[in-house]
Amino acid sequence: MYRTLQQAIQAKVREVLLKKYAITVERIALEQPPSVLLGEIALPIAFELAKRLRKAPRAIAQELAPELADVEGVAAVEIAGAGYINVRFDRAAMVKRIASDEHDDVGGDGFRLLEHTSINPNKAAHIGHLRNAVLGDTFARLIRKDAYKSGWSTGVQNYIDNTGVQVADVVVGLVHLQSKSLADVHGLLLELAASGQRIDYYLWDLYARVSQWYDDDPDEKTYRRDLRLQALHQIEAGGNETAQIADLLATAVLGRHLETMQRLNIEYDFLPRESEILHLHFWDAARTVMIERGVLYEETRGKNKGCWVMRRPGAETLAEGETDDDAKVLVRSNGTVTYVGKDIAYHLWKFGLLPGKDFGYRLFREYPTHSCWISAEEGEDPHPSYGHASAIYNFIDSRQNDPQANVVEALRGMGYTEAADRYTHVSYAMVALTPRCALDLGYQISEEDRNKAYLEVSGRKGFGVKADDLLDKLITAAKAEVDTRQPELPEQERLKSATAIAVGALRFFMLRFTRNTVIAFDFRDALSFEGETGPYVQYAAVRASNILRKSDTAEVDALKAIASLDLNRFLNNKASETAKQTETGPEDALWEFWLLASRVTAVLDQAIHSAEPAILSRYAFELAQEFSNFYHSNHVLHEGNAERKQLLLATTAVARRELTRVLDWLGIDVPTAM
RNA sequence: GCGCCCGUAGCUCAGCUGGAUAGAGCAACUGGCUUCGAACCAGUAGGUCGGAGGUUCGAAUCCUUCCGGGCGCACCA
């Protein structure tokens with residue numbers, strides 16, 4: 001609703017500037033005044049125009065202000081300070097419009113393809129992967145269609161590098177360290193399943209062991225590295241026992257990753273795998289296009305002689321006969337394709353720019369409300385298709401900035417500028433461990449590391465906190481709280497609440513930091529349920545529900561009830577007219593809460609445009625904080641004035657509505673009791 | 001060496017396209033449960049926004065430079 005007014009005012013200002021001064025202004029900045037006593041929207045436009053119009057800011061403001069008064073919902077416009085134009089809303093009218101959930105739509109045309117999670121399927125997911133998945137999943141919730149918005153048509157995929165060196169490493173571990181055959185690996189999987197153990201945990205340790213084993217004997221180093229390379233080649237080629245072992249493991253681990261993510265309310269639509277990119281020859285098609293379009297060329301001289309290369313972004317133009325030794329190699333001199341080469345082919349497919357190529361699709365997993373497909377050489381029919389995106393969002397950590405830039409550069413070089421512009425690398429900083437946390441977990445760390453602010457998590461070293469372990473720990477902690485607070489609830493209900501609280505705490509923790517802040521992970525902060533946390537927000541929503549329940553009023557009815565009331569005296573609506581007041585009273589506080597609640601669409605819009613879910617999590621916290629304040633200073637059920645009581649109930653209802661809505665976008669459920 | 005990111009209260013972080021008195025949480029201190037549940041609320045204390053220049057009516061925000069920290073810069077994947 002706030003956004004509706006913002007846009008109406010911007011449109012009006014634009015119209016008036018054109019009419020009065022015959023000028024246009026790119027962007028009309030709007031602010032929120034420091035206090036509601038000054039109004040709801042402030043325009044600093046007069047300062048900006050002062051030089052251009054050769055007039056004093058205040059004089060310009062005086063000419064513009066009267067013109068804005070007839071925008072619907074505006075009660076008064078006045079000039080403050082040296083030339084601010086402050087707009088005051090008709091509080092009573094606005095509250096009614098907010099109650100009826102009037103708002104601008106958010107959404108648009110075109111198919112948006114998101115990619116997140118993408119964990120190498122050779123070990124358990126850790127907290128670094130969680131940040132990725134939670135960011136990606138939350139963004140998907142922000143942009144897809146739901147009861148509140150039209151959104152965009154959206155697909156979520158999780159790319160699986162099932163033929164990479166990481167998978168080769170665990171295969172080497174099983175085959176060469178443990179002398180296991182394909183049949184033995186089958187047996188191992190059954191054994192683990194029977195004893196309730198997790199294959200991803202098993203491989204977590206094995207992966208760390210193999211990584212160390214490669215280098216721990218100088219005489220064997222070359223031989224062992226060679227085993228790894230052989231395994232990698234066999235896996236890439238397919239159709240042999242090594243590849244079958246790899247596939248068995250990767251699929252089993254993938255299944256575990258999906259289970260872990262589902263615990264956090266994270267689901268996928270499609271799982272494209274590198275094996276299909278190789279076997280369906282995506283690269284061949286991409287190579288043809290890239291050569292045709294002059295992006296890919298064979299280097300005949302210099303250090304990259306015999307390779308097929310492309311220029312890097314920002315590379316300077318070459319003089320006649322000059323060689324670019326800094327060019328990015330896409331095909332090695334031995335004819336094999338590099339990672340970036342495959343990635344370019346894959347991204348051409350995403351945009352539907354790879355002629356005649358698509359994955360085969362097989363059903364992989366059923367979620368309660370939709371299905372998840374996986375790539376296959378030969379698919380089933382009918383099936384969905386996820387290429388042909390008009391915009392893509394890749395959730396990949398900031399260490400991949402350069403490779404990602406190469407892919408965009410390739411698209412641009414091929415002349416696909418629109419695709420390049422609609423390619424968003426949503427980059428974020430890593431999750432690291434504080435040295436104290438590492439010590440608590442029993443890791444040995446050097447004196448030097450002990451003094452660092454944080455230590456990088458590493459799957460290869462087996463250094464990190466596993467996602468499931470953290471979630472288990474959170475559930476245990478939440479359960480203990482629920483058990484003491486809600487002893488009368490049945491065990492199953494308590495566990496359900498505890499789970500919702502744990503997920504809320506974890507998702508909120510991953511979302512409260514802006515993307516380029518390194519999260520220095522610490523159990524004390526992550527396990528906290530107080531202050532700026534998910535449970536705090538959930539608690540506010542639960543309290544709102546309880547108040548409505550005790551008053552025997554449904555949310556919708558509470559909101560409908562105020563439609564016919566005269567709200568002026570309860571909202572200090574006279575403040576809409578004058579600037580006489582110097583101190584805020586309880587009526588202003590009430591209005592302030594409604595105003596905050598009315599900003600959802602504006603906040604959502606901002607979070608989408610900057611691909612920054614932290615904006616929304618912060619807003620959720622603010623809402624919860626203001627509502628907590630509200631129910632402490634207003635005893636809703638004991639309110640003596642019947643009409644004011646209805647307004648207080650409506651306030652509670654709007655709090656519940658918005659908190660639930662925003663928490664849902666954050667992927668967090670509201671427990672029935674906590 | 002080159003590129004990207006970060007430096008804001010004791011600690012962890014917000015601060016949207018430059019705008020009115022720089023905000024939260026945690027920790028500390030004070031007060032509040034016979035009240036719609038205290039996973040809460042109110043209050044106190046705490047900051048030369050890394051340093052120095054510059055642009056601007058106006059800078060935590062933009063530019064330059066320096067200092068400190070992190071991450072990337074393979075025919076690895």
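Keep in mind that the numbers below use all heavy atoms, side chains included, and drop hydrogens, waters and symmetry copies. Small disclaimer: the values here were computed from a predicted structure and weren't measured. Every chain is numbered from 1 and lettered A, B, ... according to where its sequence line falls, protein lines coming before strand lines.
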Strand-adjacent residues in residues 394-406 of chain A, judged by heavy atoms under 4.0 Å from RNA chain B: Arg399(A), Asn401(A), Asp402(A)
Residues which pass salt bridge (charged side-chain N to carboxylate O under 4.0 Å, His left out) with Arg436(A), listed by chain and number, not counting sequence neighbours: Asp522(A)
Presence of donor-acceptor pair under 3.5 Å, side chain of Ser333(A) and base of C75(B): yes
side-chain contact (heavy atoms from CB on, under 4.5 Å) partners of Pro272(A), counting only residues at least two apart: Gln157(A), Tyr159(A), Phe270(A), Tyr346(A), Phe359(A)
side-chain contact (heavy atoms from CB on, under 4.5 Å) against Pro313(A), all qualifying residues, sequence neighbours excluded: Ala405(A), Asn406(A), Glu409(A)
Sugar-phosphate, base or nothing in reach of Thr652(A), heavy atoms under 4.0 Å: nothing
Close residues, residues 524-534 of chain A, relative to RNA chain B [heavy-atom separation under 4.0 Å]: Phe529(A), Glu530(A), Gly531(A), Glu532(A)
Touch class at under 4.0 angstrom, heavy-atom based, for Ile501(A) against every strand present: base
Sugar-phosphate only, base, or nothing, as touched by Val603(A) at under 4.0 Å among non-hydrogen atoms: nothing
Sugar-phosphate only, base, or nothing, as touched by Glu622(A) at under 4.0 Å among non-hydrogen atoms: nothing
Stacking check Phe47(A) vs G58(B) (5.5 Å / 30 deg): no
With Asp449(A) via salt bridge (charged side-chain N to carboxylate O under 4.0 Å, His left out) - residues at least two apart: Lys452(A)
Sugar-phosphate only, base, or nothing, as touched by Asn634(A) at under 4.0 Å among non-hydrogen atoms: base
